[in-house]
**Student:** 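Attaching a single structure in structure tokens format; questions to follow.
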Amino acid sequence: MKKKNILLLCAFLVAVLPKIIYGEASNSMVMADGKTGIVSSACEINGQAYILSNLGVFRWDYGEKEPDPILDLSIYQKNGISPLAPGTPIERDLWEKSIGYLFVLNDQLYGLHPYSGQISLISEQKASPCASIPEAQFFYTDQDVLQPKEIVSCVAVDDTLYLVLGSFTYEAGEVRELYAWNLSTPEMTPLSAPELAGIFPGNATSLVARVISKESGTSTLWLYDISTQSYTRQLWDEAIEPGNGFVWDAATDTLCFTASNGKVKKAPPNGKAQTKAYMPLHFSSPSDQAYLSSQGGYVYVSGGSIFVRDISQEGEAEQDSVRVMGLLDPRIAVSFSSAHPDISLIIEQDFTDFQSIQQSMISGEAGIDLYILNTGRSYQDVRDKGYAAPLSGSTDLTQWAEQIYPGIRGVLYLDGELVAFPASILPNVWTLNETKWNEFGLGEMPATFAELFALAQTWETEYADEYPEYTLLQCS
């Protein structure tokens, strides 16, 4: 007996900020592309989150209320920050006001420019330059080109900013350097940290360090003692499970991090890591930032959104899940999680050939609930062979489908039954020089590819030699 499967071929995003309370912390999020913009950095002062995006700096109470703007940066970085300083004085002045990182020193909010190294003290609708990373330590020359080092990590503890700066030259290869800096001093203090790849929040005396062995390539997480400049204890081996957004909870002596498919885990010393929460993420990045809020929530910035998850419960988190196979737009995943925070999305590897999809559907071994397919041969086979579950029982879907352009709508139906819904639409656009078309007397415009190919053959035999400066069709 054939198993019917739901096919998703655009979701319509709604910006909602749910607050589901379990312990003192709450599960909530701020979605990318809303009024807050694309989030890139965050930190906390006095129980409130301060969020940096391409539009500015915002203050958020971790709840349902939208973040409050405190500094407008949209004129400087709405479309991103260029690594190169502009040539004109006006453009350079705007560029220098950009901010790429937020951090807190002694309950004061600061912003850091990622390419000039300028640091600004941030207050209500004001950012005042107060320091700059020393040029001799921030800039380097490679092949006679002066350029800034990459800010790999930025972690603030009490009155000190810790930076991991990266550079690459033909002679030295890739180099990572760890610095400690009290902004009142003219230079940063270099710290010894062999094979360091990045740092993460720890406590007042220690950082979490990711160490990648040059010999074996293995990646491990260690407690790094700031005073002795040494790795004191291994916290995690990424051969067990890789992760990002590491934070050490000193009170419970556990390492918190984000693993595959948005699983938030806690790893006790010499124990097995447990999943404590889920986030709607298929991918994560080493540049993603995380910290523990004063309420005990795990705060994670990724993909332009910021997520807060309660990780205080005992044992493994129990949560209903929906398994999706295919390339799901991250914005759709975040939107779904906003509307259904009690359900986790697990996104599996995409299958492109019908045989693999058919085997997955028939066996049920993959446990897939939703398939996302391109409208090519695979989708047609799945639909025409009767593996697609009917969707006409959903009034919302059928009403939306009826509003879709007729040329697309027909693909979604089988024998009058809605069996798929578009997850994204990528139309091909054709432009036509009607004046020349009529001048050459090419007749009716082709409505199908067969008609187009036939006309192309006619062009080659009857027009191409006489009009070598023209072509019938050009793709770009």
Side-chain angles (χ1 to χ4, degrees), residues 40-43 100-101 103 112 114 149-157 160-168 172-181 188 190-250 252-273 279 281 283-292 298-303 311:
S40 59
S41 183
C43 54
Y101 298 88
F103 60 92
L112 169 61
K149 296 176 182 177
E150 176 192 3
I151 300 176
V152 179
S153 304
C154 173
V155 176
V157 180
T160 304
L161 178 65
Y162 296 91
L163 294 172
V164 176
L165 302 182
S167 60
F168 182 89
E174 185 178 58
V175 176
R176 297 284 171 93
E177 303 163 287
L178 175 60
Y179 292 96
W181 188 26
M188 302 189 296
L191 303 179
S192 174
E195 301 182 320
L196 180 69
I199 58 173
F200 307 90
N203 62 1
T205 60
S206 299
L207 301 170
V208 175
R210 173 183 264 144
V211 178
I212 299 180
S213 170
K214 292 182 179 179
E215 182 177 345
S216 64
T218 58
S219 177
T220 50
L221 279 299
W222 291 76
L223 268 185
Y224 176 83
D225 186 274
I226 297 170
S227 62
T228 62
Q229 301 182 34
S230 61
Y231 304 122
T232 58
R233 176 158 60 95
Q234 182 174 315
L235 301 175
W236 186 247
D237 186 345
E238 292 195 270
I240 301 173
E241 186 166 16
N244 286 304
F246 292 92
V247 183
W248 185 51
D249 184 356
T252 60
D253 195 17
T254 55
L255 185 68
C256 310
F257 63 96
T258 295
S260 61
N261 278 312
K263 296 190 294 286
V264 182
K265 296 205 166 190
K266 293 179 73 172
N270 304 318
K272 180 182 178 182
M279 296 183 292
L281 298 172
F283 303 104
S284 62
S285 167
S287 62
D288 291 346
Q289 297 182 11
Y291 66 88
L292 295 179
Y298 177 80
V299 184
Y300 189 70
V301 177
S302 180
I311 55 175

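Remember, it's a predicted structure, so these values are computed and weren't measured experimentally.
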**Student:** Using a 4.5 Å cut-off on heavy atoms from C-beta on, say whether the side chain of Lys265 contacts that of Trp236.
**Tutor:**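 They are not in contact (no side-chain heavy atoms under 4.5 Å apart), so the answer is no.
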**Student:** Keeping the roles fixed (side chain from Glu238, backbone from Gly243), state whether a donor-acceptor pair exists under 3.5 Å.
**Tutor:**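 It does hold such a pair.
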**Student:** Contact between Cys154 and Leu161 at the side-chain level, heavy atoms closer than 4.5 Å - yes or no?
**Tutor:**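 Cys154 vs Leu161: side chains touch.
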**Student:** Short question: side chain of Gln229, backbone of Ser192 - any donor-acceptor pair under 3.5 Å?
**Tutor:**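 Here the side-chain-to-backbone pair exists.
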**Student:** Are the side chain of Trp222 and the backbone N or O of Ser230 linked by a donor-acceptor pair below 3.5 Å?
**Tutor:**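 Not at all, since once roles are kept as given, no pair shorter than 3.5 Å links the two residues.
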**Student:** What is the minimum heavy-atom distance between Pro242 and Phe257, and which atoms define it?
**Tutor:**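 Distance-wise, the nearest heavy atoms are O-CE1, 4.5 Å.
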**Student:** Using 0.5 Å steps for rounding, measure from the CG atom of Leu207 to the CG atom of Leu191.
**Tutor:**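 Between Leu207 CG and Leu191 CG, I get 8.5 Å after rounding to 0.5 Å.
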**Student:** What heavy-atom pair brings Tyr300 and Gly245 nearest, and what distance separates the two atoms?
**Tutor:**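 Nearest heavy atoms, Tyr300 then Gly245: CE1-CA, 3.6 Å.
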**Student:** Give a yes or no answer on whether the side chain of Glu195 reaches the backbone of Lys214 with a donor-acceptor pair at less than 3.5 Å.
**Tutor:**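 Confirmed, Glu195 side chain pairs with Lys214 backbone.
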**Student:** Just verifying a value: how many Å separate Leu165 CG and Ile151 CD1, rounded to the nearest 0.5 Å?
**Tutor:**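 Reported to 0.5 Å precision, the distance equals 6.5 Å.
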**Student:** Donor-acceptor pair, distance only, cut-off 3.5 Å: does the side chain of Tyr224 make one with the backbone of Ile199?
**Tutor:**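 Not at all, since once roles are kept as given, no pair shorter than 3.5 Å links the two residues.
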**Student:** Going by the rule salt bridge (Lys or Arg N to Asp or Glu O under 4.0 Å), which residues pair with Lys149 if we only count those two or more places apart in sequence or in a different chain?
**Tutor:**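 Lys149 satisfies salt bridge (Lys or Arg N to Asp or Glu O under 4.0 Å) with Glu177 only.
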**Student:** What are the two closest heavy atoms between Asp249 and Cys256, and how far apart are they?
**Tutor:**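 So the two residues come closest at CB-SG, 4.4 Å.
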**Student:** So Gln289 and Ser41, side chain to side chain donor-acceptor pair (under 3.5 Å) or not? Walk me through it.
**Tutor:** CA-CA 7 Å; Gln289 297 182 11; Ser41 183; 3.0 Å; yes
**Student:** Looking only at heavy atoms, what is the nearest atom pair of Pro286 and Asn244, with distance?
**Tutor:**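 For Pro286 versus Asn244, the nearest heavy atoms are CA-OD1, 3.1 Å.
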**Student:** Answer whether the closest heavy-atom distance between the side chains of Leu292 and Val299 falls below 4.5 Å.
**Tutor:**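 No. Closest side-chain heavy atoms not under 4.5 Å.
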**Student:** Under 3.5 Å, side chain of Arg210 to main-chain N/O of Gly198, donor-acceptor pair present?
**Tutor:**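 Between the backbone of Gly198 and the side chain of Arg210 there is no qualifying donor-acceptor contact (under 3.5 Å).
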**Student:** For Phe246 and Phe200, take the angle between the two ring planes, folded into 0 to 90°, and tell me which bin it lands in: parallel under 30, tilted 30 to 60, perpendicular over 60.
**Tutor:**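 Perpendicular, since the angle between the ring planes exceeds 60°.
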**Student:** Locate the shortest heavy-atom distance separating Tyr231 from Ala209; write the atom from each residue and the value.
**Tutor:**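 What the structure gives for the nearest pair is CE2-CB, 3.7 Å.
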**Student:** Once rounded to the nearest 0.5 Å, what's the spacing between atom CG of Asp225 and atom CG of Leu223?
**Tutor:**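 So the gap between those two atoms works out to 9.0 Å.
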**Student:** I'd like to know whether Thr258 forms a side chain to side chain contact (heavy atoms under 4.5 Å, CB included) with Asp288, so could you lay out the CA-CA distance, the side-chain angles of the two residues, the decisive distance to 0.1 Å, and finally the verdict.
**Tutor:** CA-CA 10 Å; Thr258 295; Asp288 291 346; over 6 Å; no
**Student:** Would you compute the distance between atom CE of Met188 and atom CG of Leu178 and round it to the nearest 0.5 angstrom?
**Tutor:**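 Spacing of CE (Met188) from CG (Leu178) equals 9.5 Å.
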**Student:** Applying side chain to side chain contact (heavy atoms under 4.5 Å, CB included), run through Thr160 and Ile226 and close with a yes or a no.
**Tutor:** CA-CA 11 Å; Thr160 304; Ile226 297 170; over 6 Å; no
**Student:** Output the distance between atom CG (Leu196) and atom OG (Ser153), rounded to the nearest 0.5 Å.
**Tutor:**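 Answer for the CG-OG pair, Leu196 versus Ser153, is 7.0 Å.
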**Student:** Can you find a heavy atom in the side chain of Thr220 that is under 4.5 Å from one in the side chain of Asp237?
**Tutor:**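 Yes, their side chains come closer than 4.5 Å.
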**Student:** Are Leu255 and Val208 packed together at the side-chain level, in the sense that at least one heavy-atom pair is separated by less than 4.5 angstrom?
**Tutor:**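 Of all side-chain heavy-atom pairs linking Val208 with Leu255, at least one is under 4.5 Å.
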**Student:** Below 4.5 Å, heavy atoms only, C-beta onward: do Tyr291 and Val301 meet side chain to side chain?
**Tutor:**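 Result no, sub-4.5 Å side-chain heavy-atom pair not found.
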**Student:** Taking all non-hydrogen atoms of both residues into account, name the closest pair between Asp253 and Pro269 and its distance.
**Tutor:**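 Answer, listing the atom of Asp253 first, then Pro269: O-CD, 2.8 Å.
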